[in-house]
**Q** 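Below is a structure I'd like to ask you about.
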Amino acid sequence: MRRLLGDGRVAEAVRPIVVVALSLLLAVGVFGLSGYPVAGIVGGAVEGSVGSAAAWTQTLRWAIPLLIIALGVGITFQAGYFNVGAQGQMYAGAIGALAVGLALRDGPAIVVVPLALATGVALGALWALVPGVLRTRLGADEVVTSLMMNFIAVLLLEWICVGPLKNQDGSGQAATTDMLPAAFRISDGSGVSPLMLGICAVLVIAAVALRSRTRMGLEIRIVGRNPVMAEWMGIRSSRVGLLVFGLGGATAGLAGAVEVFGPLGSLRAGFSPQMGFMAVIVALVAALGPVRTLVAALFFGALRAATLYLPVVNDLPLAGLDMLNGMVALWITVSAVPVILARRAARRTQGAATVAAPVEKPVEKEAVGEHG
Amino acid sequence: MIPRRSPIRPATRDGATLTCAGVSVDFGGFRALSDVTATFPAGQVHAVVGQNGAGKTTLSRVMAGLVTPAAGTVQVGDRLLPGGNVSEARRNGVELVHQHFALPPDFTVAECFELFNGEQGTVGAFSRAGLTRRAADLLAGAGAEVAPDAVIGRLPVETLQAVEIARALASCPKVLILDEPTAVLPPPAMRGLFDRLRRLAADGMCVIVVLHKMREVFGVADTACALRAGRLVLEPTPIGELDPATLSRAVVGDVTVEAAGTTPEPATSAPVELEVRELGARSGAHDASAADVSLRIRQGEIVGVAGVEGNGQRSLVEAIVGVTGVRSGSIAIGGTDVSAAPVRERRARGLRVIPFERNVEGVSLSSALWENHAAMDGGRGAFLITPQALKRRCQEALRRWKVSYRSVDQQTGNLSGGNVQKTILAREITDGLRVLVAAHPTRGLDIAAASDVRGALVRAAEAGAAVLVVSADLEEMFEVCHRVLVMLGGRVVATFERPFDAEPVGAAMVGGGGG
């Protein structure tokens with residue numbers, strides 16, 4: 001693969017496209033082999049994602065949360081931290097925002113909605129800071145801890161939905177919460193509104209500015225590439241680490257809040273169970289660039305829209321479409337994870353040197369210093 | 001179950017002549033070696049010299065079967081080696097001792113020998129006692145004084161090298177190749193290595209050794225050959241027919257090497273810029289704690305810290321820089337106590353650093369040149385940056401330091417070692433400089449680059465900086481320093497003033513009393 005694509009700048013841009021195209025081809029191939037009409041599936045997918053205004057709305061509806069989360073995830077990855085807890089951070093944000101919205105349901109929207117979104121942001125950041133602090137202070141592997149925090153968030157959401165915020169007048173069939181007052185909603189059920197698109201635009205611009213116009217962005221990149229050198233330059237890797245965990249959690253929390261106040265209006269146990277993980281894939285496909293993240297989020301939003309549309313026009317089972325998503329995820333993971341892992345390895349040796357753990361200096365030299 | 005092994009105690013060694021014929025190597029589009037033809041007869045020590053990037057390491061790797069040549073052949077005795085086949089090369093008696101030791105740090109010496117043991121038993125099982133016995137034999141045969149059950153990661157570097165050589169000798173090679181074995185050695189250990197190599201050659205082995213310094217070449221070799229930009233510019237020539245000047249010219253070509261010259265003494269009234277008082281600090285498990293270290297460096301003064309690696313130099317430097325905490329005592333920069341200050345604040349006060357490992361602590365190899373350059377903001381701490389301005393600043397600095405590069409957007413890892421070091425100098429030696437800490441500033445650099453770096457240190461001092469140099473290269477320190485301290489076991493055990501004499505300094509480094 002590497003040989004095929006070389007390793008220049010062009011290759012870096014082309015690689016995700018090749019990866020995605022290969023996955024799509026493979027998936028369609030499997031559908032074909034299983035006896036489904038290939039032409040119908042491809043046509044249906046296009047129709048369901050970009051074929052009409054309604055299809056575009058669906059695409060945007062899914063692209064918005066993916067984009068918001070992926071921007072934050074991308075920043076975390078840039079600093080070399082593999083935070084995969086976006087799902088839980090999103091739930092935390094959604095729960096916090098909904099709680100504020102319901103508690104102040106008689107308040108004026110202009111006050112309550114910003115307050116609720118801010119609460120979502122703060123809770124998402126807090127949720128992410130747990131693995132962040134464990135990582136930077138104690139050296140606990142953030143992949144494990146952030147993943148664990150997801151389970152806690154899932155259970156917390158479940159409890160919220162059957163406990164404190166339980167829908168009083170519902171049929172009781174599904175665990176859901178009360179609805180937010182209509183005045184608080186920032187979009188209708190379609191999940192797309194000018195305000196939400198505006199939020200996305202602001203976030204993309206902020207991410208671009210952070211990346212290329214601030215010292216913080218530069219320091220995040222340096223810490224991600226060589227945390228040891230960063231320390232020698234006076235950049236505190238652990239502080240940068242906490243910052244990116246916080247930022248990543250904040251955007252995931254915001255996405256959760258936007259989901260509740262936008263398309264959902266209320267929470268249901270285990271809503272959008274794939275969102276956080278899809279966003280990780282979006283960030284990886286985009287190779288962590290904000291503008292590319294926008295493109296990737298749109299693509300995966302479209303994929304999601306097509307996924308929901310296809311069973312309607314063909315009798316394709318939903319599982320077949322999950323397979324398609326999984327295929328893309330697999331390819332991307334295979335191609336992007338080695339890079340992230342190398343950065344983590346560099347960080348680990350550095351962590352071992354600064355944390356009170358036994359020091360392994362020679363390992364560090366071999367890991368990074370082999371450039372004779 | 002346990003395979004029997006013949007005790008290996010090579011009483012007499014045999015050697016074989018190694019011949020390279022028309023060897024060329026391409027890395028991508030880069031021609032690392034072109035048409036190298038040379039014969040290295042058995043029973044002699046052959047030195048291969050050349051600048052960084054001249055192809056010395058590549059040549060030794062081709063001979064050991066680690067690199068497949070694009071053209072040409074390598075022959076041992078009358079046997080032609082298949083290119084790029086390590087096991088075949090080893091089977092034919094070619095062993096390579098690497099520049100960077102490749103032994104696993106958690107293993108014991110005996111286990112390492114087993115790991116590289118070519119003659120596998122049927123099961124591959126072994127007994128600890130058997131291993132230890134065999135290792136002891138090998139170590140004794142190679143003249144290495146180390147216990148077979150010593151753990152690799154805890155050994156000092158010169159012992160590690162002795163272990164590597166013993167490991168290489170385990171298979172009774174006919175040709176032993178050493179890639180820059182002296183780069184890591186303190187001077188006293190160097191003599192031991194050279195004696196060992198001479199003995200091996202006297203036993204009939206063909207010893208090929210990659211060297212950097214003229215003095216070493218004339219100290220150990222029977223013949224010397226020189227590589228320049230991938231070409232053999234001097235065929236293996238008996239050392240008697242050579243003199244240092246001829247050899248230097250062959251290595252460097254027509255480039256004139258800038259001599260750093262002797263630095264003028266600083267005024268005795270010059271204010272003290274760096275003051276370390278009774279410092280106690282510990283960097284990690286692989287260096288002695290700095291204990292009770294005191295030193296004062298005035299403006300314009302260059303002070304050297306000599307010592308065998310691992311005697312507290314790293315602890316001292318890391319404590320001054322601020323990446324390791326101060327346990328006791330104090331550090332002051334320009335009269336202000338910075339013992340508890342973070343790295344950033346110390347840098348803001350004018351501290352600049354050339355770290356030990358340029359590729360690890362000095363630069364981020366995968367970052368762009370301008371990013372590395374901008375990593376230091378000199379304490380200005382502005383939140384917003386303009387990449388264009390930073391790139392321009394980087395460009396100017398790199399041009400001033402004569403770094404060869406294509407674009408400031410290129411990855412730093414694409415540069416050669418000397419150029420990487422110059423990018424660090426370009427970043428660190430700036431207007432605000434008051435205290436410069438340089439750790440092994442010329443390690444692994446070629447003659448021209450090393451001389452540039454030394455010149456930079458001297459100029460920094462002339463411009464009023466206090467300079468602390470930690471180096472394993474005594475010649476270099478004698479050339480640039482006003483004073484040389486010797487560290488042993490974390491303490492400063494001796495101080496020497498100009499004019500320097502290598503004998504007492506070397507003796508102090510290894511704890512030889514009297515000094």
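Protein chains get the first letters and strands the later ones, always in sequence-line order, with residue 1 at the start of each.
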**Q** Might you point out which heavy atoms bring B:I385 and A:T214 nearest each other, and give the distance in Å?
**A** CD1-O, 3.3 Å

**Q** Select one option (side chain, backbone, both, neither) describing which atoms of A:I235 are under 4.5 Å from chain B's heavy atoms.
**A** both

**Q** Would A:M229 and B:R358 count as a side chain to side chain contact (heavy atoms under 4.5 Å, CB included) if you check the C-alpha gap in whole Å, the side-chain angles of each, and the deciding distance to 0.1 Å?
**A** CA-CA 9 Å; A:M229 176 260 193; B:R358 61 177 154 271; over 6 Å; no

**Q** With only heavy atoms counted, which part of B:E345 is less than 4.5 Å from chain A, the side chain, the backbone, both or neither?
**A** neither

**Q** For the interface with chain A, which of B:V363, B:V420, B:T324 has the highest count of heavy-atom pairs at distances below 4.5 Å?
**A** B:V363

**Q** Rounded to the nearest 0.5 Å, what separation is found between the CZ atom of B:R347 and the CH2 atom of A:W232?
**A** 9.5 Å

**Q** Do any of residues 201-213 of chain A come closer than 4.5 Å to chain B, heavy atom to heavy atom, and if so which ones, in number order?
**A**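 Within residues 201-213 of chain A, near chain B: A:S212, A:R213.
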
**Q** Return the minimal non-hydrogen interatomic distance between A:N226 and B:V360, and the atom names on each side.
**A**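 Here A:N226 and B:V360 meet closest at ND2-O, 2.7 Å.
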
**Q** Please name the pair of heavy atoms, one in A:M233 and one in B:V343, separated by the smallest distance, quoted to 0.1 Å.
**A** C-CG1, 4.1 Å

**Q** Taking all non-hydrogen atoms of both residues into account, name the closest pair between A:R236 and B:P342 and its distance.
**A** NH2-CB, 2.9 Å

**Q** What part of B:R427 gets within 4.5 angstrom of chain A, counting heavy atoms only: side chain, backbone, both, or neither?
**A** side chain

**Q** Could you pull out all residues at least two apart from B:R434 that satisfy salt bridge (charged side-chain N to carboxylate O under 4.0 Å, His left out)?
**A**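 Partners of B:R434 by the salt bridge (charged side-chain N to carboxylate O under 4.0 Å, His left out) criterion, ordered by chain and then number, come out as B:E273.
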
**Q** List the atom of B:A375, the atom of A:R215, and the distance in Å for their closest heavy-atom pair.
**A** O-NH1, 3.8 Å

**Q** Report which part of B:V317 has an atom under 4.5 Å of a heavy atom belonging to chain A: side chain, backbone, both, or neither.
**A**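 It is the side chain, since no backbone atom gets that close.
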
**Q** Compare all side-chain heavy atoms of A:E231 with those of B:E361 and state whether any distance is below 4.5 angstrom.
**A**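 Heavy-atom side-chain distance check fails, nothing below 4.5 Å.
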
**Q** So, for A:R225 and B:S366, which heavy atoms are closest and what is the spacing to 0.1 Å?
**A**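 Closest approach of A:R225 to B:S366: CD-OG, 3.2 Å.
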
